[in-house]
Amino acid sequence: MGRWTQYDEDEYRLPDGFERIGYDADVGKFYFRDNNDGSVWEGEEGAEFSEMTKISNGASASHSSDDEDEDDIDIESGRRGDGYQAVASDPTMARSHPRLPYNAGAYRTLFPFFIIIGTILLLAWKFIIQPSFSHTHGIQCPSFSDVNDGSMHNSSAYIVQPGDTCYEIAKSHHCDWALFAVLNDGVKCERLMPGTSLCLPTEPTDNVTHVYALH
(Lines give C-alpha, C1' and ligand atoms only; values in the text may rest on other atoms or scores of the structure.)
Protein backbone atom coordinates (compact mmCIF):
# COMPACT_ATOMS: atom_id res chain seq x y z
CA MET A 1 0.00 0.00 0.00
CA GLY A 2 1.52 3.30 -1.14
CA ARG A 3 2.12 6.18 1.20
CA TRP A 4 -0.20 9.19 0.86
CA THR A 5 1.33 12.48 -0.19
CA GLN A 6 -0.08 15.89 -0.93
CA TYR A 7 0.47 15.19 -4.62
CA ASP A 8 -2.44 12.74 -4.49
CA GLU A 9 -4.90 15.59 -3.96
CA ASP A 10 -7.09 17.02 -6.75
CA GLU A 11 -5.26 20.33 -6.96
CA TYR A 12 -2.05 18.52 -7.94
CA ARG A 13 -3.56 15.73 -10.08
CA LEU A 14 -6.26 17.61 -12.01
CA PRO A 15 -5.63 20.04 -14.86
CA ASP A 16 -5.52 23.72 -14.01
CA GLY A 17 -9.00 25.08 -13.35
CA PHE A 18 -10.65 21.67 -12.89
CA GLU A 19 -12.48 20.60 -9.76
CA ARG A 20 -14.27 17.42 -8.73
CA ILE A 21 -18.02 18.02 -8.38
CA GLY A 22 -19.63 14.62 -7.87
CA TYR A 23 -19.76 10.85 -8.14
CA ASP A 24 -22.41 8.61 -9.74
CA ALA A 25 -22.52 5.34 -7.80
CA ASP A 26 -24.69 3.69 -10.48
CA VAL A 27 -22.00 3.92 -13.16
CA GLY A 28 -18.94 4.31 -10.91
CA LYS A 29 -17.75 7.57 -12.46
CA PHE A 30 -16.45 10.86 -11.06
CA TYR A 31 -17.52 14.20 -12.56
CA PHE A 32 -15.44 17.35 -12.91
CA ARG A 33 -16.00 20.94 -13.94
CA ASP A 34 -13.67 23.21 -15.84
CA ASN A 35 -13.98 26.57 -14.12
CA ASN A 36 -12.41 28.26 -17.13
CA ASP A 37 -15.47 27.72 -19.37
CA GLY A 38 -17.95 25.95 -17.09
CA SER A 39 -17.92 22.67 -19.04
CA VAL A 40 -18.59 19.36 -17.27
CA TRP A 41 -16.37 16.30 -17.73
CA GLU A 42 -16.59 12.67 -16.64
CA GLY A 43 -13.82 10.25 -15.78
CA GLU A 44 -13.48 6.60 -16.68
CA GLU A 45 -15.48 4.02 -14.78
CA GLY A 46 -13.87 2.91 -11.52
CA ALA A 47 -10.99 5.39 -11.71
CA GLU A 48 -10.47 8.34 -9.39
CA PHE A 49 -8.03 9.94 -11.85
CA SER A 50 -8.18 9.05 -15.52
CA GLU A 51 -8.68 10.47 -18.96
CA MET A 52 -11.77 12.70 -18.93
CA THR A 53 -14.50 13.11 -21.54
CA LYS A 54 -16.51 16.29 -21.96
CA ILE A 55 -20.24 15.69 -21.50
CA SER A 56 -21.54 19.25 -21.30
CA ASN A 57 -20.46 22.56 -22.79
CA GLY A 58 -20.09 25.34 -20.25
CA ALA A 59 -21.63 28.76 -20.25
CA SER A 60 -19.91 31.61 -22.09
CA ALA A 61 -17.51 33.91 -20.28
CA SER A 62 -20.16 36.64 -20.30
CA HIS A 63 -22.44 34.68 -17.94
CA SER A 64 -22.95 36.38 -14.58
CA SER A 65 -22.04 34.91 -11.23
CA ASP A 66 -25.77 34.29 -10.60
CA ASP A 67 -25.90 31.89 -13.56
CA GLU A 68 -22.87 30.08 -12.18
CA ASP A 69 -24.65 29.70 -8.82
CA GLU A 70 -27.63 28.15 -10.59
CA ASP A 71 -25.30 25.66 -12.31
CA ASP A 72 -23.86 24.78 -8.91
CA ILE A 73 -27.34 24.07 -7.60
CA ASP A 74 -28.08 21.76 -10.54
CA ILE A 75 -24.83 19.90 -10.04
CA GLU A 76 -25.26 19.59 -6.31
CA SER A 77 -28.80 18.30 -6.74
CA GLY A 78 -27.40 15.37 -8.71
CA ARG A 79 -28.54 16.34 -12.23
CA ARG A 80 -25.96 15.83 -14.98
CA GLY A 81 -25.70 17.85 -18.12
CA ASP A 82 -27.34 15.05 -20.14
CA GLY A 83 -30.44 15.13 -17.90
CA TYR A 84 -29.49 12.26 -15.56
CA GLN A 85 -30.98 12.61 -12.07
CA ALA A 86 -29.59 10.54 -9.22
CA VAL A 87 -32.16 8.14 -7.74
CA ALA A 88 -32.94 7.78 -4.05
CA SER A 89 -30.71 4.69 -3.79
CA ASP A 90 -27.73 7.02 -4.10
CA PRO A 91 -26.37 7.27 -0.50
CA THR A 92 -25.87 11.00 -0.79
CA MET A 93 -29.48 11.49 -1.92
CA ALA A 94 -30.80 9.18 0.78
CA ARG A 95 -29.12 11.28 3.45
CA SER A 96 -30.63 14.48 2.10
CA HIS A 97 -34.15 12.98 1.88
CA PRO A 98 -34.53 10.56 4.82
CA ARG A 99 -37.62 8.41 4.94
CA LEU A 100 -39.79 8.42 8.03
CA PRO A 101 -39.89 5.00 9.74
CA TYR A 102 -43.10 2.95 9.43
CA ASN A 103 -44.21 1.98 12.91
CA ALA A 104 -46.50 -1.02 12.42
CA GLY A 105 -46.37 -1.83 16.14
CA ALA A 106 -48.47 1.24 16.97
CA TYR A 107 -51.33 0.01 14.79
CA ARG A 108 -51.15 -3.48 16.27
CA THR A 109 -51.35 -1.98 19.77
CA LEU A 110 -54.48 0.07 18.94
CA PHE A 111 -56.27 -2.71 17.06
CA PRO A 112 -57.69 -4.48 20.18
CA PHE A 113 -58.93 -1.11 21.46
CA PHE A 114 -60.94 -0.57 18.27
CA ILE A 115 -62.35 -4.11 18.53
CA ILE A 116 -63.56 -3.43 22.09
CA ILE A 117 -65.17 -0.11 21.12
CA GLY A 118 -66.93 -1.73 18.14
CA THR A 119 -68.25 -4.57 20.32
CA ILE A 120 -69.64 -2.12 22.91
CA LEU A 121 -71.42 -0.12 20.19
CA LEU A 122 -72.97 -3.27 18.71
CA LEU A 123 -74.22 -4.43 22.10
CA ALA A 124 -75.65 -0.99 22.85
CA TRP A 125 -77.53 -1.03 19.56
CA LYS A 126 -78.89 -4.57 20.08
CA PHE A 127 -80.02 -4.31 23.70
CA ILE A 128 -80.76 -0.61 24.21
CA ILE A 129 -81.36 1.40 21.06
CA GLN A 130 -83.03 -1.19 18.84
CA PRO A 131 -85.57 -2.40 21.46
CA SER A 132 -86.55 1.20 22.21
CA PHE A 133 -87.26 1.89 18.55
CA SER A 134 -89.14 -1.35 18.06
CA HIS A 135 -91.48 -0.68 21.02
CA THR A 136 -92.05 3.05 20.66
CA HIS A 137 -92.81 3.31 16.94
CA GLY A 138 -95.95 1.95 15.34
CA ILE A 139 -97.41 0.31 18.47
CA GLN A 140 -101.16 -0.28 18.41
CA CYS A 141 -102.82 -1.12 21.71
CA PRO A 142 -105.80 -3.51 21.35
CA SER A 143 -109.28 -3.26 22.77
CA PHE A 144 -110.55 -6.01 25.07
CA SER A 145 -113.84 -7.31 26.43
CA ASP A 146 -114.96 -8.59 29.82
CA VAL A 147 -115.98 -12.21 29.36
CA ASN A 148 -118.39 -12.02 32.32
CA ASP A 149 -120.57 -9.13 31.16
CA GLY A 150 -119.39 -8.63 27.55
CA SER A 151 -118.44 -5.01 28.12
CA MET A 152 -115.79 -3.52 25.77
CA HIS A 153 -112.77 -1.59 27.00
CA ASN A 154 -109.88 0.25 25.34
CA SER A 155 -106.17 0.43 26.11
CA SER A 156 -103.56 3.11 25.39
CA ALA A 157 -99.79 3.27 25.17
CA TYR A 158 -97.54 4.13 28.09
CA ILE A 159 -93.83 4.99 27.68
CA VAL A 160 -91.61 3.36 30.30
CA GLN A 161 -89.61 5.85 32.38
CA PRO A 162 -86.25 5.28 34.10
CA GLY A 163 -86.78 3.25 37.31
CA ASP A 164 -90.16 1.80 36.22
CA THR A 165 -91.02 -1.86 36.79
CA CYS A 166 -93.92 -3.84 35.36
CA TYR A 167 -95.47 -4.33 38.80
CA GLU A 168 -95.27 -0.65 39.75
CA ILE A 169 -96.70 0.41 36.37
CA ALA A 170 -99.67 -1.98 36.65
CA LYS A 171 -100.30 -0.96 40.24
CA SER A 172 -100.16 2.79 39.62
CA HIS A 173 -102.57 2.48 36.66
CA HIS A 174 -105.00 0.17 38.54
CA CYS A 175 -104.48 -2.59 35.98
CA ASP A 176 -105.23 -6.20 36.84
CA TRP A 177 -101.95 -8.15 36.62
CA ALA A 178 -103.49 -10.90 34.47
CA LEU A 179 -104.77 -8.25 32.04
CA PHE A 180 -101.36 -6.51 32.05
CA ALA A 181 -99.71 -9.79 30.98
CA VAL A 182 -102.29 -10.29 28.19
CA LEU A 183 -102.00 -6.74 26.86
CA ASN A 184 -98.19 -6.82 26.89
CA ASP A 185 -97.50 -10.33 25.75
CA GLY A 186 -93.83 -10.74 24.81
CA VAL A 187 -92.53 -7.93 27.02
CA LYS A 188 -89.69 -9.14 29.28
CA CYS A 189 -90.24 -7.35 32.58
CA GLU A 190 -86.84 -8.39 33.93
CA ARG A 191 -85.17 -6.42 31.11
CA LEU A 192 -87.58 -3.50 30.88
CA MET A 193 -85.82 -0.54 29.26
CA PRO A 194 -86.73 3.16 29.40
CA GLY A 195 -88.52 4.22 26.23
CA THR A 196 -90.39 0.92 25.81
CA SER A 197 -94.12 1.25 25.08
CA LEU A 198 -96.65 -0.76 27.09
CA CYS A 199 -100.40 -1.07 26.69
CA LEU A 200 -102.58 -0.18 29.71
CA PRO A 201 -106.36 -0.03 30.12
CA THR A 202 -107.92 3.42 30.00
CA GLU A 203 -110.01 2.69 33.13
CA PRO A 204 -109.28 0.80 36.37
CA THR A 205 -109.57 -2.99 36.19
CA ASP A 206 -108.05 -4.08 39.50
CA ASN A 207 -111.13 -3.87 41.73
CA VAL A 208 -112.71 -7.16 40.62
CA THR A 209 -111.15 -10.28 39.15
CA HIS A 210 -112.43 -10.76 35.60
CA VAL A 211 -111.51 -12.72 32.49
CA TYR A 212 -110.70 -10.61 29.46
CA ALA A 213 -110.46 -11.32 25.75
CA LEU A 214 -108.50 -9.20 23.26
CA HIS A 215 -110.04 -7.85 20.05
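Heavy atoms only: backbone and side chains are in, while hydrogens, waters and symmetry mates are out.
Side-chain atoms of Ser155 never come within 3.5 Å of backbone atoms of Cys199 as a donor-acceptor pair (strictly under, hydrogens ignored). One N or O on the side chain of Asn184 and one on the backbone of Phe180 form a donor-acceptor pair closer than 3.5 Å. The backbone N or O of Phe18 sits nowhere less than 3.5 Å from a side-chain atom of Asp34 that would complete a donor-acceptor pair. Side-chain atoms of Asp176 come within 3.5 Å of backbone N or O of Leu179 as a donor-acceptor pair. Between the side chain of Ser56 and the backbone N or O of Val40, no donor-acceptor pair lies under 3.5 Å.
Judged as a ring-ring contact (aromatic ring centres under 6.0 Å, His included), and not counting sequence neighbours, the contacts of Tyr158 are His173. With sequence neighbours left out, the side chain to side chain contact (heavy atoms under 4.5 Å, CB included) criterion links Ser50 to Glu44, Ala47.
Note: Tyr31 and Trp41 fail the aromatic proximity criterion, with ring centroids not under 6.0 Å apart. For Tyr23 and Phe30, the ring centers sit closer than 6.0 Å to each other.
If you chain together hydrophobic residues whose side chains sit under 4.5 Å apart, Leu122 and Ile117 never meet in one group. Under the 4.5 Å side-chain heavy-atom criterion for Ile, Leu, Val, Met, Phe, Trp and Tyr, Phe113 and Leu121 are members of the same hydrophobic cluster.
Put simply, the side chain of Asn35 reaches to within 4.5 Å of the side chain of Glu19, judged on heavy atoms. Looking only at side-chain heavy atoms (C-beta outward), His153 and Pro201 stay at 4.5 Å or farther from each other. Leu192 is not listed as a side-chain neighbour of Thr165, based on a closest heavy-atom distance of 4.5 Å or more. In this structure, Ile169 and Val160 have side chains that are in contact, with non-hydrogen atoms separated by less than 4.5 Å. No side-chain heavy atom of Asp164 sits under 4.5 Å from any side-chain heavy atom of Pro194. Contact of the Phe144 side chain with the Val182 side chain is not registered, since no non-hydrogen atoms from C-beta on lie closer than 4.5 Å. Between Cys141 and Ser156, every side-chain heavy-atom pair lies at or beyond the 4.5 Å cut-off.
Contact check on Lys29 versus Glu42 returns a salt bridge, with a Lys/Arg side-chain nitrogen under 4.0 Å from an Asp/Glu carboxylate oxygen.
No more than 12 heavy atoms of other residues, nucleotides or ligands sit less than 6.0 Å from atom CD of Glu51.
Under a 4.5 Å side-chain heavy-atom cut-off, the cluster of Ile, Leu, Val, Met, Phe, Trp and Tyr residues that includes Ile116 is completed by Ile120.
Here CE of Met152 is found 5.5 Å from OG of Ser145. Values are rounded to the nearest 0.5 Å.
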Derivation of the side-chain contact (heavy atoms from CB on, under 4.5 Å) call for Leu183 and Leu200:
CA-CA 7 Å; Leu183 290 175; Leu200 297 173; 5.8 Å; no
Taking it one step at a time, do Ile159 and Thr196 satisfy side-chain contact (heavy atoms from CB on, under 4.5 Å)?
-> CA-CA 6 Å; Ile159 306 301; Thr196 303; over 6 Å; no
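Closest non-hydrogen pair, Cys175 versus Thr205, comes out as CA-OG1, 3.5 Å.
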